[in-house]
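Worksheet for the structure shown next.
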Amino acid sequence: MGLFDKLFKTDETSKGYSEKWLDSASDEELETEREKVRLDHCSGDEKAWNILGRFDNEMKKRANKGHENEEYKYPKHREHGWYLSNDD
């Protein structure tokens with residue numbers, strides 16, 4: 001294991017949150033486990049922030065599945081700010 005791996009690799013696999021697990025977990029499991037990780041982050045676990053991002057990415061991917069051709073996708077950022085119309 002190189003220096004890069006030691007510096008940037010998180011221990012999500014040791015907590016059971018591998019890519020394979022994220023792909024195969026149900027929506028309820030994702031929500032439950034995400035809340036546990038969020039609480040870890042609130043209590044000071046710095047590595048939990050990266051894991052939260054992975055959970056959020058998986059949940060967004062699932063929420064947008066089947067809506068690829070629609071204009072609106074979460075989160076929506078417009079020219080004048082988040083969720084604001086382009087009307088001047």
Side-chain angles (χ1 to χ4, degrees):
M1 185 184 308
L3 179 61
F4 182 81
D5 291 334
K6 289 180 182 178
L7 290 175
F8 296 106
K9 186 174 180 177
T10 60
D11 64 346
E12 67 269 359
T13 54
S14 66
K15 292 185 177 185
Y17 304 129
S18 65
E19 289 296 324
K20 184 177 178 181
W21 183 87
L22 287 170
D23 289 339
S24 64
S26 69
D27 292 341
E28 294 80 22
E29 286 177 315
L30 280 178
E31 290 175 16
T32 302
E33 294 300 316
R34 186 194 183 282
E35 181 61 18
K36 290 178 187 177
V37 173
R38 187 190 69 80
L39 292 173
D40 288 345
H41 173 64
C42 290
S43 68
D45 183 2
E46 295 176 8
K47 292 182 179 182
W49 178 253
N50 294 330
I51 299 171
L52 278 176
R54 296 178 68 233
F55 272 93
D56 291 342
N57 288 339
E58 179 64 27
M59 293 169 97
K60 279 190 278 188
K61 181 176 79 172
R62 291 180 185 197
N64 290 330
K65 192 172 188 175
H67 302 282
E68 291 84 11
N69 296 329
E70 296 177 17
E71 180 183 339
Y72 177 80
K73 292 189 179 168
Y74 178 83
K76 185 68 169 181
H77 181 71
R78 303 294 295 212
E79 177 183 355
H80 300 291
W82 294 96
Y83 302 106
L84 299 175
S85 68
N86 282 335
D87 298 336
D88 288 332

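Atom CD1 of Ile51 and atom CG of Asp45 lie 7.0 Å apart (nearest 0.5 Å). Between the CG atom of Leu52 and the CG atom of Asn57 there is a distance of 11.0 Å, given to the nearest 0.5 Å. Taking OG from Ser26 and CD from Glu31, the interatomic distance works out to 8.5 Å, rounded to the nearest 0.5 Å.
In this structure, Trp49 and His41 have tilted ring planes: the angle between them lies in the 30° to 60° band.
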Test log, rule side chain to side chain contact (heavy atoms under 4.5 Å, CB included), inputs Leu30 and Tyr17: CA-CA 10 Å; Leu30 280 178; Tyr17 304 129; over 6 Å; no

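Only one option out of Lys36, Arg34, Glu29 pairs with Thr32 in a side chain to side chain contact (heavy atoms under 4.5 Å, CB included); it is Lys36.
Closest of all the heavy-atom pairs between Leu22 and Arg62 is O-NH2, 2.8 Å.
Residues passing the salt bridge (Lys or Arg N to Asp or Glu O under 4.0 Å) test with Glu35 are Arg38, sequence neighbours excluded. With sequence neighbours excluded, the residues satisfying salt bridge (Lys or Arg N to Asp or Glu O under 4.0 Å) with Lys61 are Asp23, Glu58.
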